[in-house]
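Reviewing the structure listed below.
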Amino acid sequence: MALIVQKYGGTSVGSSERIKHVARRVARWQREGHQLVVVVSAMSGETNRLLALAREIQAHPDPRELDVMVSTGEQVTIALLSMALMDLGLTARSYTGSQVKILTDNAYTKARIVNIDEENIRRDLSEGYIVVVAGFQGVDAAGNITTLGRGGSDTTGVALAAALDADECQIYTDVDGVYTTDPRIVPEARRLKTITFEEMLEMSSLGSKVLQIRSVEFAGKYRVKLRVLSSFEEESVGTLITFEEDGKMEQATISGIAFNHDEAKITILGVPDRPGIAYQILGPVGDAGVDVDMIVQNVGQDGLTDFSFTVHRSDYVRTLEILKPVAAHIKAREVQGGDKIAKVSVVGVGMRSHAGIASTAFRTLAEEGINIQMISTSEIKISVVIDEKYMELAVRVLHKAFGLEQPA
Ligand code: ADP
Ligand code: ASP
Ligand code: MG
């Protein structure tokens, strides 16, 4: 008998028929003798609908109230799935995040899980219940409802698997695993049988929304056996996230291409080139709680330099406002910005031992006439910032240039 945590995403519970389908799948696992904890998202489109509704009332919705409201999407699906399970003659019990007591910090809309009280879940499991838990939500120490950021149900799933020391965490979604890139953009994308934890971490942080980054972090920290699979295909084996100690087979050089257009770029021109200037610019940005991603500073000339960085698009306008007085104070020439950018990244642990990956990427983009605005690299990834309108083209040509459509 194994303890399995399954998580079903929005599309997988998008209608009453689909919820019944999920119930039948869960029932099958239980019949095979396993204990099941099932985490569900809101029905597809529901979270977006709720967020839009809030914005009709308040242009910048109050974060506490936003979490109270947006967490209701998942509350609906846990009850519906429990009913569907009961209808199959099984015993099931639903829990909201606060009923479980998924304790988080108080950072509304992007809270972090700090502790999970497993007592109720363990008791129910030992009594033969299927436990159904609302994804994406928790409760802070003062009893306020919090949510974990978009895609946060993945994190609920993996965190529960870690807390319960589950044998496996299965993330059921609308694709049958992790692909070399988003199959909706590149139909030739190929499913990966395995992907290393490090690569998955990069893919998620660089934009592949198939797993929320924090769920991958949890999986790494607590060594959760994590698999991504299809909720629609019966025989899907999906993609297993592996760790170094799993023993590496022949490793492909490049595993995938990730992309996002969630960022905006800000450039300060004519900055005096002297010690402390990066701190003077980025200090106030950090103090305002804005996360900075890529940073580029040019080689100075005539005592002046240019300084560019990217922030999340939702922080763009605010960051420009913060920088106006800063630029005046340091006597910079001008602050410019643009939010029509995209970041495209090539990811692979094999990059460590292969030279020439960067030049292949740059040549491929040059051949399409795509201008690179910023570059950042690590041991296992190369990211470029380009004009948003070339994003899909860049993903397609890079995918082809690295031979990702061919079986590994
Ligand atoms: P869920 O609602 O089940 O959580 P998401 O929409 O959050 O599903 O994530 C699944 C989607 O992630 C897929 O439909 C796919 O379009 C997208 N995606 C992006 N990159 C990848 C990738 N490398 N492999 C698989 N899917 C990807
Ligand atoms: N319903 C939430 C969202 O749409 C959480 C999730 O689906 O993982 O982001
Ligand atoms: Mg998701």
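By convention here, the first residue in the shown sequence is residue 1. Source: prediction; values computed, not measured. Whatever order the structure lists them in is the order used to number ligands and atoms, beginning at 1.
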Next item on the list: For the pair Glu405 and Arg190, find out whether any cationic side-chain nitrogen is under 4.0 Å from an anionic carboxylate oxygen.
Entry: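 Result for this pair is no, no salt bridge flagged.
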Margin query: Looking at Asp165 and Arg122, is any side-chain nitrogen of the basic one under 4.0 Å from a carboxylate oxygen of the acidic one?
Written below: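 Here Arg122 does not pair with Asp165 in a salt bridge, since their nearest N and O are not under 4.0 Å apart.
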Item checked: Region of Gln212 that comes within reach of ligand 2 [heavy atoms, distance under 4.0 Å] ->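 It is neither part, as no heavy atom is under 4.0 Å.
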Next item on the list: Measure the acute angle between the ring planes of Tyr8 and Tyr172, then classify it against the limits of 30° and 60° as parallel, tilted or perpendicular.
Entry: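 Plane angle under 30°, so parallel.
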Check: Gly10: heavy atom below 4.0 Å from ligand 2, yes or no?
Finding: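 No, that is not the case, since the closest heavy atom of the residue is not under 4.0 Å from the ligand.
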Notebook entry, point to check: Would Glu46 count as a contact of ligand 2 if the rule is a heavy atom under 4.0 Å away?
Noted result: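 The answer is no, since Glu46 has no heavy atom less than 4.0 Å from ligand 2.
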Next item on the list: Could you say whether the N/O atoms of Thr47 and ligand 2 ever approach to under 3.5 Å?
Entry: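 Between Thr47 and ligand 2, an N or O pair is found under 3.5 Å apart.
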Next item on the list: Look only at interatomic distance and state if Arg150 has a nitrogen or oxygen under 3.5 Å from any nitrogen or oxygen of ligand 2.
Entry: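 N/O-N/O distance under 3.5 Å: yes.
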Next item on the list: Going by heavy-atom distance to atom 13 (C) of ligand 1, choose the closest among Val210, Val13, Asp174.
Entry: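 Nearest heavy atom to atom 13 (C) of ligand 1 lies in Asp174.
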Notebook entry, point to check: Who's closest to atom 7 (O) of ligand 2 heavy-atom-wise, of Ser41, Gly149, Gly9?
Noted result: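 When every heavy atom of Ser41, Gly149, Gly9 is considered, Ser41 comes closest to atom 7 (O) of ligand 2.
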To check your reading of the model: name the closest protein heavy atom to [atom], its residue, and the distance in Å.
atom: atom 8 (O) of ligand 1; answer: Thr173 OG1, 3.1 Å
atom: atom 7 (O) of ligand 1; answer: Lys209 O, 3.6 Å
atom: atom 25 (C) of ligand 1; answer: Gly177 O, 3.4 Å
atom: atom 21 (C) of ligand 1; answer: Asp182 CA, 3.7 Å

Check: Between Tyr179 and ligand 1, is there a nitrogen or oxygen pair with a distance under 3.5 Å?
Finding: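 Yes.
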Notebook entry, point to check: Any N or O of Pro183 that comes nearer than 3.5 Å to an N or O of ligand 1?
Noted result: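 No, no N or O pair falls under 3.5 Å.
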Checklist line | Worked verdict on Ile266 versus Tyr316 for side chain to side chain contact (heavy atoms under 4.5 Å, CB included) | finding: CA-CA 8 Å; Ile266 293 173; Tyr316 175 52; 3.9 Å; yes
Next item on the list: Answer yes or no: does atom CD of Glu127 have more than 12 heavy-atom neighbours from other residues, nucleotides or ligands under 6.0 Å?
Entry: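 Check passes, neighbour count above 12.
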Item checked: Ring-face cation contact, Tyr179 with Arg191, 6.0 Å cut, 45° max ->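 Arg191 over Tyr179 ring: no.
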Checklist line | Contact check, Lys7 vs ligand 1, heavy-atom distance below 4.0 Å | finding: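 Yes; Lys7 lies near enough to ligand 1 that a heavy-atom distance drops under 4.0 Å.
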